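Just so you know, residue 1 is the first one in the sequence shown, and it goes up from there. Bear in mind the structure is a predicted one, so any value in this text is a computation, not a measurement.
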Amino acid sequence: MHRNYSFFLLIFMLRTAKLTVQTLSTDINVITAEINAYQRVAGEAIFEIGKRLKHVKENDLAHGEFGNWAESIGIHPTDASRFIKVFDEVGGSKLGTYTNFGLKALYLIATMPEAEREQPHTIPSTGETKSVAEMTVRELREVKAELKIRASNYFLFN
């Protein structure tokens, strides 16, 4: 049985940020800034985990061993593939745009055509127009489904 990767993400964040237990501020502005900083650390950790998983997959293991190795460190092979996909598709130059997102949202963004990531979309259920960076997971799913329908209609009628 695999362990939830969120636990390992938290451990990574704690080690990376060299956090210590401390008393929380009573100033809401300080707390807001701290939350924003931790969100960035969490988002950046997803890309860093993807980078390292990709390196191990490509350089350190024989063919077919990656899934078992990923499970041995508490990451389900499907999630490992998602981390790698996110790193490949939206890491690097676009990193700053997406550091406040979790793995689910980042994976949805990573599996969108690149041109679609750069433009605003109308959310089918609300009619609201948003950029990909402004959307929730639910909205990203709706937009992806709509894009898939449009693509299949394009191929049917052209």
side-chain contact (heavy atoms from CB on, under 4.5 Å) between I49 and F87, worked out: CA-CA 8 Å; I49 291 167; F87 170 72; over 6 Å; no
Test log, rule side-chain contact (heavy atoms from CB on, under 4.5 Å), inputs K104 and R141: CA-CA 10 Å; K104 285 181 186 176; R141 286 182 181 139; 4.2 Å; yes
Check against side-chain contact (heavy atoms from CB on, under 4.5 Å), K54 and K51: CA-CA 5 Å; K54 180 177 180 172; K51 180 192 303 185; 5.9 Å; no
From CA spacing to verdict: side-chain contact (heavy atoms from CB on, under 4.5 Å), V56, R52: CA-CA 6 Å; V56 168; R52 284 157 178 78; 5.7 Å; no
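No side-chain donor-acceptor contact under 3.5 Å links H121 to the backbone of E139. With hydrogens and angles ignored, the 3.5 Å screen pairs a side-chain donor or acceptor of E142 with a backbone N or O of S125. In terms of modelled atom types and a separation under 3.5 Å, the side chain of R117 and the main chain of M112 share a donor-acceptor contact. A distance-only check finds a donor-acceptor pair linking the side chain of N59 to the backbone of H55 [under 3.5 Å].
For the atom pair CD1 (I75) and CG (L53), the distance works out to 5.0 Å, reported to the nearest 0.5 Å. From T136, atom OG1 reaches atom CD1 of I123 across 7.0 Å, with rounding to the nearest 0.5 Å. The CD atom of E118 sits 10.0 Å away from the OG atom of S131 when rounded to the nearest 0.5 Å. Atoms OG and CD, on S72 and E65 in that order, are 10.5 Å from each other to the nearest 0.5 Å.
When all heavy atoms of L103 and V86 are compared, the closest pair comes out as CD1-CG2, 4.1 Å. A pairwise comparison of heavy atoms in P120 and T129 identifies CB-CG2, 3.7 Å as the closest pair. The two atoms that bring A105 and V137 nearest to each other are CB-CG2, 3.8 Å, heavy atoms only. Heavy-atom minimum distance, S25 versus I31: O-CD1, 3.2 Å. Between G67 and P77, the closest heavy-atom pair is O-CG, 3.6 Å. For the pair F66 and I84, the tightest heavy-atom approach, listed with the atom from each and the gap, is CZ-CD1, 4.0 Å.
Contact of the L108 side chain with the M135 side chain is not registered, since no non-hydrogen atoms from C-beta on lie closer than 4.5 Å. V90 is listed as a side-chain neighbour of F47, based on a closest heavy-atom distance under 4.5 Å. Side chains of L140 and Y107 form no contact here, defined as non-hydrogen atoms less than 4.5 Å apart.
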